[in-house]
Amino acid sequence: MSERPVDKLKTAIEHLKKRGVDYADIRLVGTRHQGLAVRNGQVERCVAAEDRGFGIRVLHKGAWGFAASARVTEAEMRRTADRAIDVARGTLICRGDPVRLAPVEPAVDAYKTPVKKNPFRVPLADRLAVLLQASEIMARNPRIRAAEGAMDFFRTRKAFASTEGAAIEQEIWEAGAGIQATAVEGDEAQARSYPNSHGGQWATGGYEVIEAMDLAGQAERVREEALALVAAPDCPSRRTTVILDGPQMALQIHESCGHPIELDRVLGYELSFAGGSFLTLDKRGRLQYGSPRVHIVGDATIPGGLGTFGFDDEGVRAQRFDIVRDGLFVNYLASRETAAALGLPSNGCMRADGWNRIPLIRMVNINLEPGAWTLDELIKDTQDGLYLSLNKSWSIDQLRLNFQFGCQWAQEITGGKLGQVYKNPIYTGITPAFWNGCDAICNRDHWKVWGVPNCGKGEPVQTARVGHGAAPARFRNVQVGAGAATRDDR
Amino acid sequence: MMGEDRTLGLLEKALRGLAADQGSALYLGGSRSLTRFANNAIHQNVTEESGEITIAAVLGKRMGVAATGSTRPGDLRRCARQAVELAKLTPENPDFKSLPGPKPYDPLATYCEATAACSPIQRAEAIRGFIDRAVRLGLSLAGAFSTGSGQVAVANTLGVRAYQALTAADLNIVAHTQESSGYAFGLHRDLDRLDLDALADRAMEKCVASRAPRQIAPGKYTVLLEPPAVGELLEWMGYTGFGAKQVEEGTSFMAGRLGQAITGERVTILDDPLDPDGLAMPFDFEGVPKQRVPLVERGVARAVVYDSLMAGKDGTESTGHGMPPGSGSGPLPLNLHMVGGDIPLAELVSRVDRGLLVTRFHYVNGLLDTRRAQMTGMTRDGTFWIEGGRLRHPVKNLRFTEDVLAAFRRIEALSRERWAVAASWGEIGALLAPALVIRDFAFTGLTDF
């Protein structure tokens, strides 16, 4: 029988045990990536990349050390293990309380993303044709200055072993694609995207993820909506009702729920960079985060989610758990270390951006559970408000309270009907007040796990791919617009 | 570190036998260590060694790009073959003229042994010193102290050979209590040129001064933006406006406005890759010598930056701002510098009768309306009310939403001193910003702390 990748880690694990560390784990990670991007009928990016290496994390006398290397040999693993212990000795000079880890049953297991169609075996010409066709359709108007499309695939193989006896192999497949048209007229430039802005829609899976999008089939609508936007008036400022579409809901969840529930942020470990959290420990089980209609779960098990896997990068099995139940805030995203600080088990949220980074607490799929409405019913039920679609800009304070989002598209709702299109809509609020204003969520027919492929956190900055199940939802009494001050000054 | 001969030799080996009309190879790699602290203790301590080789193969006007994290000959051959295969399958790009030819670049001293040799023990001992002082003041510290070395090398089949060894050291530090915080940041290629203790003291002084903040109403205020706050605005301007690609697609605030006044005459912004105070770098990722590019001179839009592809399209020369092959971003300015004024930074506050001092911004976003450089963000880590030319009391954090070009028309004073501000691209370049006094800066929202 041939040696499995996880078997390559045995010698270094034995070496670490002999060195007497409290705990250690090794992750051997190999990533294969292919990416394509087209713009105005031309190929702008056609990239294939492969990367492989390992990282060793040691807990030595209650202090962390980490070292990593791309030279995958037994000798290098031993050398890197020794370096990680040296780094931990540096930590000891200024250690806080000794690190304790929440217990976990060491798993010996394997996981693979279900894949129907291997994207790396789909001929490049076929993949390019999808993007080029969409680009050509979007470019059929001279006011469209940029008709763009992109498609990316990742296959990540991970082997994980720990001094506690875990031995896990995983193969995670991820796919993403999207198109965007930018219209320019006079002094205005406006973009419209599909299925989502900032890189399109992403999911775990194979080429079937891309085929389900029908990019070319949506290109004409995207073009026409970009042209409508560039001719549209600015969205007026007022306090009103808003209905957010699914992708914008996903980012709303990401920024105002996903980040503040990260327990490392809550405990102050991210304070100097990304910030802290308003969801301090005293709020757990006490704060009415949202209205009783708001149920939010963390779920690393849902098929297709970009935050779906078998085990996290500490070897903790993927889980589904409540975060907000009937509007009440009940739980955090945790690691073994932070969970131990609260006397809880880890809920398996530690992931690293590659072999040369330590795992951090990252979102899994943070999902707003669906409600009972169809989108048509929701619009018909709204006498006065705005329908806002696809994110354009995002900003939130370091405790995740005051947020401001810009969207690509706003459409007035009057008497239950969609009307005037506006450009440059902005809405702003304070997180708990906003979520307590949620009075309706669309049903499962409108619900989808949206992928966010570029979540940044930590130092050195790590990029995580995470998911958010969401359907369109309605919020009352929302401040739209940042005020007239800035526009008057042009 | 592999050194110049080995690294360039590796790239030449990767290009040897490349079945293409032209080809290029880029090496990016190094060793980086970072010690992170919070709650007055080190909680994260990491070190990594990594390297990646990116090979671009050109067949006529077709280009394919492949990358590998391995330097083994077999993996490099496979990577080169893959780049060629991708090029064969790619449609022609009529805008592509040629990879750049060789041009000499002036040597720059960008490697400091003191930085490269810094150990985890050295970093931890420095941090312990900061924490000892913080504990005496009843403060808590969080931050990161990072040191590292790297190599950038480019070779192509037209004869380009470029190599640079780099180091960078930086410290960011936030001192905080339940109700206040203060921030400081320092960055230099030479660790010995960073006054770590002074940075820590600045963060702690700000924190002590910002206790018991009061809330003020949103509105338009004269604002004194310290250099880290200005740097955040400049970074977004670089990303959305100063590259030739953004101009071509019409989303840049520079599009159609070259030669016109786009902001106030106190504003001069250039990309200056050769200034050692801003993490200098002599060539870009195509191996083209970097040029100083005046982007905005006394308020007038003058130029944008180019790589070889966009330069070929616009019939001009590359300014040395190419990004790694396959990035798709177009050329970007990685060393944006704003020219300062003649007033010492410490005196700027005396120029403000009623207004706000902002230490830094948090989570700025510049995608609201890129034609106007409209941005939003929050203040953090030290915001103060100024009255009668003196700091009076700290204030709770505020959200701004501003058209930055319009705001830069209302600049009343610039500091003489400029500070290096880290950018998201790390040790390849940094921003250099003065402090600014701006009239009628629009604060549009409040938060609870």
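Chain naming here is simple, since letters A, B, ... match the order of the sequence lines and numbering starts at 1 in each.
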Working to the nearest 0.5 Å, report the span between [atom1] of [X] and [atom2] of [Y].
X: B:F37; Y: A:S272; atom1: CZ; atom2: OG; value: 7.0 Å
X: A:Q408; Y: B:L367; atom1: CD; atom2: CG; value: 10.5 Å
X: A:I430; Y: B:D448; atom1: CD1; atom2: CG; value: 5.0 Å
X: B:Q246; Y: A:T182; atom1: CD; atom2: OG1; value: 11.0 Å
X: A:E459; Y: B:D170; atom1: CD; atom2: CG; value: 8.0 Å
X: A:R357; Y: B:L34; atom1: CZ; atom2: CG; value: 9.5 Å

Between [options], who has the most heavy-atom pairs with chain A when the cutoff is under 4.5 Å?
options: B:E92, B:R128, B:H43; value: B:H43
options: B:R32, B:R36, B:E249; value: B:R36
options: B:V65, B:T54, B:L309, B:I173; value: B:V65
options: B:L446, B:T379, B:I131, B:I127; value: B:L446
options: B:L368, B:V174, B:T251, B:T68; value: B:L368
options: B:G51, B:A67, B:A41; value: B:A67

Report yes if some heavy atom in the side chain of [X] is under 4.5 Å from a heavy atom in the side chain of [Y]; otherwise report no.
X: A:L399; Y: B:F449; value: yes
X: A:E255; Y: B:Y363; value: yes
X: A:R95; Y: B:I42; value: no
X: B:I121; Y: A:I93; value: yes
X: B:P91; Y: A:V38; value: no
X: A:W355; Y: B:S50; value: yes

Salt bridge (charged side-chain N to carboxylate O under 4.0 Å, His left out) involving A:D86 - partner list, sequence neighbours excluded: A:R89
What residue in [options] has the most heavy-atom pairs under 4.5 Å with chain B?
options: A:D51, A:L92, A:V87; result: A:V87
options: A:G35, A:A67, A:A63; result: A:A67
options: A:F405, A:W394, A:W64; result: A:W394
options: A:C94, A:A183, A:G90, A:A189; result: A:C94
options: A:G458, A:G276, A:A88; result: A:G458
options: A:R83, A:R57, A:R45; result: A:R83

Compare every heavy atom of [Y] with every heavy atom of [X], then report the nearest pair and how far apart it is.
X: A:P460; Y: B:V46; answer: CD-CG2, 4.3 Å
X: B:E48; Y: A:N356; answer: OE1-O, 2.9 Å
X: B:N365; Y: A:S393; answer: OD1-CB, 3.2 Å

Per-residue contact mode, [X] against chain A (heavy atom under 4.5 angstrom):
X: B:M63; value: backbone
X: B:R257; value: side chain
X: B:S327; value: backbone

Verdict with supporting geometry, B:K61 and A:Q42, side chain to side chain contact (heavy atoms under 4.5 Å, CB included): CA-CA 11 Å; B:K61 288 180 174 292; A:Q42 293 168 19; over 6 Å; no
Pick one of side chain, backbone, both or neither for [X], based on which atoms fall under 4.5 Å of a heavy atom in chain B.
X: A:L36; answer: neither
X: A:R143; answer: neither
X: A:F54; answer: neither
X: A:E337; answer: neither
X: A:A274; answer: backbone
X: A:L360; answer: side chain
X: A:V461; answer: neither
X: A:R71; answer: side chain
X: A:A70; answer: both
X: A:V184; answer: side chain

A:Q404 and B:T401: side chain donor to acceptor below 3.5 Å: yes
Determine whether the side chains of B:R399 and A:S395 contain a donor N or O and an acceptor N or O closer than 3.5 Å. yes
Side-chain ion pair, [X] and [Y], N-O less than 4.0 Å:
X: B:D369; Y: A:K423; value: no
X: B:E248; Y: A:R145; value: no
X: A:R79; Y: B:E49; value: yes

Apply side-chain hydrogen bond (donor to acceptor under 3.5 Å, both in side chains) to residues A:T91 and B:N45 and explain how you reach the verdict. CA-CA 7 Å; A:T91 309; B:N45 215 346; 2.8 Å; yes
B:R371/A:D187 under salt bridge (Lys or Arg N to Asp or Glu O under 4.0 Å): CA gap, chis, key distance, verdict: CA-CA 7 Å; B:R371 293 279 305 188; A:D187 207 21; 2.6 Å; yes
Test side chain to side chain contact (heavy atoms under 4.5 Å, CB included) on A:I396 and B:M378 and set out the steps. CA-CA 7 Å; A:I396 189 164; B:M378 298 294 302; over 6 Å; no
Does atom CG of A:D97 have more than 12 heavy-atom neighbours from other groups under 6.0 Å away? no
Apply the test side chain to side chain contact (heavy atoms under 4.5 Å, CB included) to residues B:K245 and A:E44: give CA-CA distance (whole Å), side-chain angles for both, the deciding distance (0.1 Å), then the verdict. CA-CA 12 Å; B:K245 183 179 167 187; A:E44 193 161 64; 3.1 Å; yes
Passes side chain to side chain contact (heavy atoms under 4.5 Å, CB included), B:Q44 versus A:I358? Steps please. CA-CA 9 Å; B:Q44 178 186 317; A:I358 58 162; 3.3 Å; yes
If contact means a heavy atom pair closer than 4.5 Å, which residues of residues 80-90 of chain B contact chain A? B:Q82, B:L86, B:L89, B:T90
